[in-house]
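Throughout, a chain's letter reflects where its sequence line sits, starting with A, and its residues are numbered from 1. Quick caveat, the model's predicted, so the values are computed rather than measured.
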Amino acid sequence: MRVSRLSLVTLRNVPADAEIPSHQLLVRGGYIRRVGPGLYAYLPLMWRVLSKINTIVRDELDSLGALETLLPQLQPAEPWERSGRWQGYTAGEGIMFHLEDRQGRQVGLGPTHEEIVTVLAGDLLRSYKQLPVTLYQIQTKFRDEIRPRFGLMRSREFIMKDAYSFHADEKDLEKTYALMAGAYARIFKRCGLNAVAVDADSGAIGGAASQEFMVMANAGEDLILSTPDGSYAANQEKAVSLPSVAETLPPGEERNLDTPGQATIEDLCAANGLSPSQTVKVLVLLARLDDGRKQPLLVSLRGDQELNDVKLTNAVTQRMGSPALEIAPINPEQLRQQGLSPLPFGSIGPDLEDCSLQDVRSWEKRFVRLADPTALNLDRFVCGANSADQHRWGATWSSMPAQIEADLRNAKAGDRSLHNQEQILEERRGIEVGHIFQLGSKYSDALEARFTDKDGKQASLLMGCYGIGISRLAQAAVEQHHDEAGICWPVNIAPFQVIVVIANVQDSTQLDLGESLYGSLQSAGVDALLDDRSERAGVKFKDADLIGIPWRIVVGREAEAGRVEVVERSSRSNSTMSHQDALNSVLVAVQGGT
RNA sequence: CGGGGCGUGGCGCAGUUUGGUAGCGCGGGUGCUUUGGGAGCACUAGGUCGCAGGUUCGAAUCCUGUCGCCCCGACCA
């Protein structure tokens, strides 16, 4: 390709709406353009990058025997209703774009394809003899994000590879899951990314085992906790750790404490010479459940611990038999609307009585009481006395109502690893580029996707599902590979592997040599770009750096002598040599990396 | 949804406080000079100042409404 024909528009100014380097560079380099909030056009250079990533992905998945398909983006509501996800995905903060067609049918734009593929699999896969099967597609997904940001990192329309596997038994599912994990590791490596697999929550997709593949970068939206020896890594949503040892309360009788204005753990401890680990804090929350119930919760944590929303949501979902769609603190306004008296927030104890809910209008009439082990393991503690400006010193669980024990706290940097107490957890930010799940029969049960097993009996298909954010991956690669001057693409996903820059196209010797090198590269099967523009050399160098082509051959001053300069973008190393040597060394470098 | 900010040529911005009929840098076009790290000079094209009302002799500027976009938050008392 000739740069003169590429419609290349690079920007010197940093676009005002781009925050992180990768987003700025992709816009400045002429890779993407914003069309609306969270909506981007992939310009010709970007499309080449995405195609290269897709080629690698296809190669690895095909080698596992997976089958490429293409499924509808416009999806009827019905299978989503049967899987129980229509409500959660469309109501309130739901993430699915949905609409009514001219016949009044409800349809959604696919944020993911479990429902569709499960229905299909149920139709197609009738016997264990057909299993296992893995189907995949590379396609645009739609998600009505609360707040799109960072360019392609969190956009409302993005390209995703999603794969779904179907099995007759657990063992077979686990086998494919493991194979897929291996393929993912190879895919990210071939894309030039430093990605790590971490334990993850399976979230709205549901299911058992689940791992995320994270590209470590400061711009990442996820917090990853890991041990220095690499033996443990997990998303904070899921991470576990050994809590620090609580300080014990000195001996003494249980008594009341006057705690005027001490509404936070911090204030309480400062005013009374306590350590946060000697206290129990109680959060008053309301869970909105999928079946319509509004369930008040009392959640007890040791004072020095933070609540983990994801763990809480999972615990509530499990106990209530209906998915928790949203859990939020109860505020005084809500109490008023329910016709309840105000609660002494800041002085709540685990034994706040259910009678304070007696007159509720639309909520459940009893609290569900959950407590984290860090709180339950305290023999004696300080907690709220359920009356304003009053706490209790030396309280014990024996005088409290029964609690549901559940891990509800955030693991954090500095905690000891549960798996090896010698190891202290560290935290880093990560960009989630892939996620694999063992779904089991969650969807096949709901959608009645069954097959006939060896014994002639009907059984639900066991499923795995596996995603890679293709467009996000491309941007993550830029986030991981750039410098002040621009992008430094890993050669395997670069839009072009080599750029031949003719320093001065007015000089016919330079022009001829440049053209000839370009032709030789093309005949050798290299993706080459020829900068044949009648710009000054400096402009062409700046653009080449910005768009990040891994290898540059400069045909300039010494063209007369048949000598050219070879520059490696990432290291900036350069050397001058004969054009034959240049061709050979670039061929070796480029093809060695493929 | 809550809080903050911003809408002025393709991009980045000034001008708004103190109304007087639109400007700077980059980019585009033409010509001459220049030619290895985003050149210089000259000429030139391009904006109903987000939109709709209002005040005024006169509105980018003041008032009202409205739409859009960006950032932060939605962390726990």
For A/Asn377, does its backbone N or O pair with a side-chain atom of A/Trp397 as donor and acceptor, under 3.5 Å? no
Go nucleotide by nucleotide along RNA chain B from the 5' end; which of A/Glu19 and A/Val539 gets its closest nucleotide reached first? A/Val539
Using a 6.0 Å cut-off, check whether atom CZ of A/Arg366 has over 12 heavy atoms from anything other than its own residue. no
Can you tell me how far P of B/rG36 sits from CD1 of A/Ile553, to the nearest Å? 19 Å
By nearest heavy atom, map A/Gly36 and A/Thr264 onto RNA chain B; which one lands nearer the 5' end? A/Gly36
Does some side-chain heavy atom of A/Ser300 sit less than 4.5 Å from a side-chain heavy atom of A/Lys281? no
Give the rounded distance in Å between these two atoms: CD1 of A/Ile265 and C1' of B/rC75. 14 Å
Please state whether the base of B/rG36 and the side chain of A/Arg552 form at least one donor-acceptor pair under 3.5 Å? no
Nearest whole Å is fine: how far is B/rU35 C1' from A/Asn504 CG? 6 Å
Should the ring pair A/Phe97 and A/Phe142 be called parallel, tilted or perpendicular, given that the plane angle runs from 0 to 90° and is split at 30 and 60? perpendicular
To the side chain of A/Asp309, which of B/rG36, B/rC75, B/rA74 is closest? B/rC75
In whole angstrom, give the distance that lies between atom CZ of A/Arg569 and atom C1' of B/rG37. 13 Å
Audit row: A/Glu568, A/Ser571, side chain to side chain donor-acceptor pair (under 3.5 Å) steps and yes/no: CA-CA 6 Å; A/Glu568 185 182 21; A/Ser571 66; 2.7 Å; yes
Send over the distance from A/Arg154 CZ to B/rC71 P, rounded to a whole Å. 13 Å
Closest to the A/Arg147 side chain: B/rC72, B/rG38, B/rC75? B/rC72
Options B/rC75, B/rG25, B/rC70, nucleotide nearest the side-chain atoms of A/Pro37: B/rC70
Provide, to the nearest angstrom, the distance between the CE atom belonging to A/Met153 and the P atom belonging to B/rC71. 14 Å
Quick one: A/Lys540 NZ to B/rG37 C1', roughly how many Å, whole number? 12 Å
Confirm from the modelled atom types if A/Asn13 and B/rG27 form a donor-acceptor pair under 3.5 Å, side chain to base only. no
Side chain of A/Arg28 only, heavy atoms from C-beta on: which candidate in B/rG38, B/rG36, B/rU35 is closest? B/rG38
Nearest-neighbour nucleotide for the A/Glu565 side chain, B/rU35, B/rG36, B/rC75 considered: B/rG36
Side chain of A/Arg536 - closest among B/rA39, B/rG25, B/rC72: B/rA39
Short side-chain N/O contact from A/Arg34 to OP1 or OP2 of B/rC70, under 4.0 Å: yes
Using OP1 and OP2 only, check whether a side-chain N or O of A/Arg12 sits under 4.0 Å from B/rG27. yes
Could you check which of B/rC72, B/rG36, B/rG38 has an atom nearest any side-chain atom of A/Leu546? B/rG38
